[in-house]
Enquirer: 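Before I ask anything, let me first share the structure, which is written out below as structure tokens.
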Amino acid sequence: MDWDKLRVFHAVAEAGSFTHAGDTLNLSQSAVSRQISALEEALQVPLFHRHARGLILTEQGEALNRTVREVFAKLAVTEALLTESKEKPAGRLKVTTTVGFGASWLAPRLQDFLEMYPDVSISLLLDDSDLDLAMREADVAIRMHPPKQPDLVQRHLMNIEWQVCASPDYLKKHGVPQRPEDLDAHKLILFGDYHPPVSDVNWLAEAGRRPGNPRRALLEVNSTQAVMLAVRSGLGIGALPDFGMAEAPDLVRILPDLKGPKVEVYFVYPEELRNSKRVAVFRDFLLARLAEMH
């Protein structure tokens with residue numbers, strides 16, 4: 001099994017078609033197909049079921065792809081560590097976090113980090129589900145919960161607190177609620193029934209009500225940033241994490257004694273990157289910037 005054929009096989013297995021794999025590898029569809037046929041011939045087993053809608057791995061193909069994924073993940077780690085010089089952080093750092101935190105808090109601060117470390121580049125992957133760090137879908141993650149995988153290095157970054165807020169215009173028109181029960185008479189902006197990385201994200205619907213009898217929202221939207229923009233436009237009252245409020249100083253905080261769910265934020269990365277300079281300087285940068293918030 002030579003490396004080139006395995007690289008092509010891995011690309012096809014992940015893409016599910018010769019055409020998409022060819023686009024990734026800069027090869028023609030026929031060249032990709034020839035490489036796969038040659039590999040199947042050498043191994044004397046079929047690796048894919050071919051059908052009208054694309055390709056499905058055979059049992060043998062699944063077994064080979066599991067191993068190939070692990071090998072390429074380990075190679076990516078080794079390559080990342082080798083590209084770093086002894087003196088300074090260098091190379092690409094793949095960072096994943098939630099859409100809300102990544103778009104409203106992290107992205108605006110990356111310029112400072114990249115100016116401090118000009119030999120580092122960042123690939124920012126915003127996803128509300130957890131990417132697999134062990135499989136190198138990303139190098140480091142900023143997660144809104146303690147890590148579930150035991151083999152990851154974790155550092156507690158901060159706790160997020162929720163703040164109930166509205167625009168000055170909305171409060172002028174509709175009045176300022178003094179107690180959680182007063183929210184019954186107001187327009188609410190909630191996250192809806194999607195499942196974000198934060199449990200109890202719609203806690204404002206239940207505040208001051210008996211359990212199981214939530215208020216209805218005027219607007220449901222599955223994005224922290226969109227909630228913030230809707231609140232700013234004067235549409236209604238919403239709950240934002242404190243990092244979102246930091247980006248919207250024009251909003252008025254209301255019901256300050258009302259406590260939302262506790263969200264613990266962790267910086268997480270695989271054990272093999274423990275000695276990576278890029279990871280270390282990025283972690284320290286985050287800690288310094290987060291300290292400025294509190």
Side-chain angles (χ1 to χ4, degrees), residues 1-84 90-99 102 121-143 147-154 194-195 197 268-276 278-279:
M1 291 190 282
D2 70 41
W3 283 107
D4 280 339
K5 289 189 181 61
L6 287 176
R7 191 168 60 93
V8 172
F9 163 74
H10 181 55
V12 173
E14 297 297 309
S17 86
F18 291 146
T19 313
H20 290 140
D23 292 343
T24 309
L25 298 166
N26 263 340
L27 291 172
S28 68
Q29 183 184 340
S30 56
V32 171
S33 180
R34 276 198 307 276
Q35 291 273 51
I36 296 299
S37 296
L39 183 59
E40 288 178 321
E41 216 169 289
L43 294 171
Q44 296 284 290
V45 292
L47 298 171
F48 294 98
H49 297 297
R50 293 153 174 83
H51 63 91
R53 290 189 305 279
L55 301 167
I56 296 174
L57 286 164
T58 62
E59 202 175 323
Q60 297 94 327
E62 287 275 12
L64 180 59
N65 196 40
R66 273 197 300 275
T67 303
V68 168
R69 277 186 81 187
E70 280 179 32
V71 170
F72 279 110
K74 285 193 164 63
L75 280 172
V77 171
T78 307
E79 183 186 20
L81 293 173
L82 290 176
T83 57
E84 289 194 303
R92 187 171 70 136
L93 186 66
K94 284 168 76 175
V95 179
T96 183
T97 190
T98 60
V99 178
S121 63
I122 284 192
S123 174
L124 188 56
L125 306 165
L126 302 185
D127 199 319
D128 283 346
S129 57
D130 290 352
L131 299 189
D132 190 339
L133 299 187
M135 279 301 177
R136 299 312 301 243
E137 290 182 340
D139 298 318
V140 301
I142 301 163
R143 299 232 163 112
K148 299 178 182 79
Q149 287 171 273
D151 53 343
L152 296 175
V153 181
Q154 51 179 283
Y194 96 114
H195 300 290
V268 186
Y269 55 95
E271 180 67 43
E272 20 330 1
L273 289 178
R274 191 182 276 280
N275 297 319
S276 165
R278 271 168 303 178
V279 170

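What you see is a predicted model, and the numbers here were worked out from it, not measured in a lab. The chain is numbered in sequence order, starting from 1.
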Enquirer: Among all residues two or more places apart in sequence or in another chain, which pass the side chain to side chain donor-acceptor pair (under 3.5 Å) test with Asp132?
Expert: none
Enquirer: Assess whether side-chain contact (heavy atoms from CB on, under 4.5 Å) is satisfied between Asp127 and Thr98, documenting all intermediate values.
Expert: CA-CA 5 Å; Asp127 199 319; Thr98 60; over 6 Å; no
Enquirer: Going through the checks in order, is the side-chain contact (heavy atoms from CB on, under 4.5 Å) test met by Tyr269 and Leu93?
Expert: CA-CA 11 Å; Tyr269 55 95; Leu93 186 66; over 6 Å; no
Enquirer: Any non-hydrogen side-chain atom of Ile36 less than 4.5 Å from a side-chain atom of Val8?
Expert: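 Of all side-chain heavy-atom pairs linking Val8 with Ile36, at least one is under 4.5 Å.
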Enquirer: For residues Ala11 and Leu25, report the shortest heavy-atom separation together with the two atoms involved.
Expert: CB-CD1, 3.7 Å
Enquirer: With a 3.5 Å distance limit and no angle check, can you tell me whether Asp128 reaches the backbone of Val99 through a side-chain donor-acceptor pair?
Expert: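 Yes, Asp128 side chain to Val99 backbone: donor-acceptor pair under 3.5 Å.
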Enquirer: Taking only residues two or more places apart in sequence, or in another chain, which ones meet Arg50 in a salt bridge (charged side-chain N to carboxylate O under 4.0 Å, His left out)?
Expert: Glu40
Enquirer: If we ignore hydrogens and angles and just use 3.5 Å, is the side chain of Thr96 paired with the main-chain N or O of Ala141 as donor and acceptor?
Expert: no
Enquirer: Name all pairs fulfilling the salt bridge (charged side-chain N to carboxylate O under 4.0 Å, His left out) condition that reach into residues 25-35, sequence neighbours left out, sorted by first residue then second.
Expert: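 Pairs touching residues 25-35 that pass the test: none.
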Enquirer: Spell out, as yes or no, whether a donor-acceptor pair under 3.5 Å connects the side chain of Arg278 to the backbone of Arg92.
Expert: yes
Enquirer: Identify which one of Leu55, Asn65, Leu39 satisfies the side-chain contact (heavy atoms from CB on, under 4.5 Å) criterion when paired with Leu47.
Expert: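 In the set Leu55, Asn65, Leu39, the residue that makes a side-chain contact (heavy atoms from CB on, under 4.5 Å) with Leu47 is Leu39.
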Enquirer: Please confirm whether the backbone N or O of Glu41 pairs with a side-chain atom of Gln44, one donor and one acceptor, at under 3.5 Å?
Expert: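 Yes.
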Enquirer: Tell me, please, which residues at least two apart from Glu59 pass salt bridge (charged side-chain N to carboxylate O under 4.0 Å, His left out).
Expert: none
Enquirer: Filter on salt bridge (charged side-chain N to carboxylate O under 4.0 Å, His left out), then keep only pairs touching residues 14-31, sequence neighbours left out; what's left?
Expert: Glu14-Arg69
Enquirer: Can you tell me which residue pairs pass the ring-ring contact (aromatic ring centres under 6.0 Å, His included) test with a partner in residues 25-68, sequence neighbours excluded?
Expert: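 Found Phe9-Phe48.
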Enquirer: Just how far is it from atom CG of Leu152 to atom CD of Glu271, taken to the nearest 0.5 Å?
Expert: 9.5 Å
Enquirer: Hey, what do you get for CG (Leu133) to NZ (Lys94), rounding to the nearest 0.5 Å?
Expert: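 With rounding to 0.5 Å, CG (Leu133) is 10.0 Å from NZ (Lys94).
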Enquirer: If you compare all heavy atoms of Arg274 against all heavy atoms of Val153, which two are closest, and at what distance to 0.1 Å?
Expert: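 Scanning both residues, the minimum pair turns out to be NH2-CG2, 3.5 Å.
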Enquirer: Check Pro46 against Thr58 and note the closest heavy-atom contact, atom names and distance.
Expert: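 For Pro46 versus Thr58, the nearest heavy atoms are O-OG1, 2.7 Å.
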Enquirer: Assess the residue pair Val95 and Leu125 against the criterion (side-chain contact (heavy atoms from CB on, under 4.5 Å)); give the C-alpha distance rounded to whole Å, side-chain angles, the decisive distance to 0.1 Å, and a yes or no.
Expert: CA-CA 6 Å; Val95 179; Leu125 306 165; over 6 Å; no
Enquirer: Could you state the interatomic distance from OG1 (Thr19) to CG (Leu27), rounded to the nearest 0.5 Å?
Expert: 12.5 Å
Enquirer: Could you tell me whether a side-chain N or O of Ser37 sits under 3.5 Å from a main-chain N or O of Ser33, the two making a donor and an acceptor?
Expert: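 Indeed, once roles are kept as given, a pair shorter than 3.5 Å links the two residues.
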Enquirer: Under the side-chain contact (heavy atoms from CB on, under 4.5 Å) criterion, do Leu6 and Asp2 qualify, and how do the steps go?
Expert: CA-CA 6 Å; Leu6 287 176; Asp2 70 41; over 6 Å; no
Enquirer: Backbone N or O of Ile142 within a donor-acceptor pair of the Thr97 side chain at under 3.5 Å?
Expert: yes
Enquirer: At their closest point, which heavy atom of Ala15 faces which heavy atom of Ala21, and how far apart are they?
Expert: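 Shortest heavy-atom contact: CB-N, 3.8 Å.
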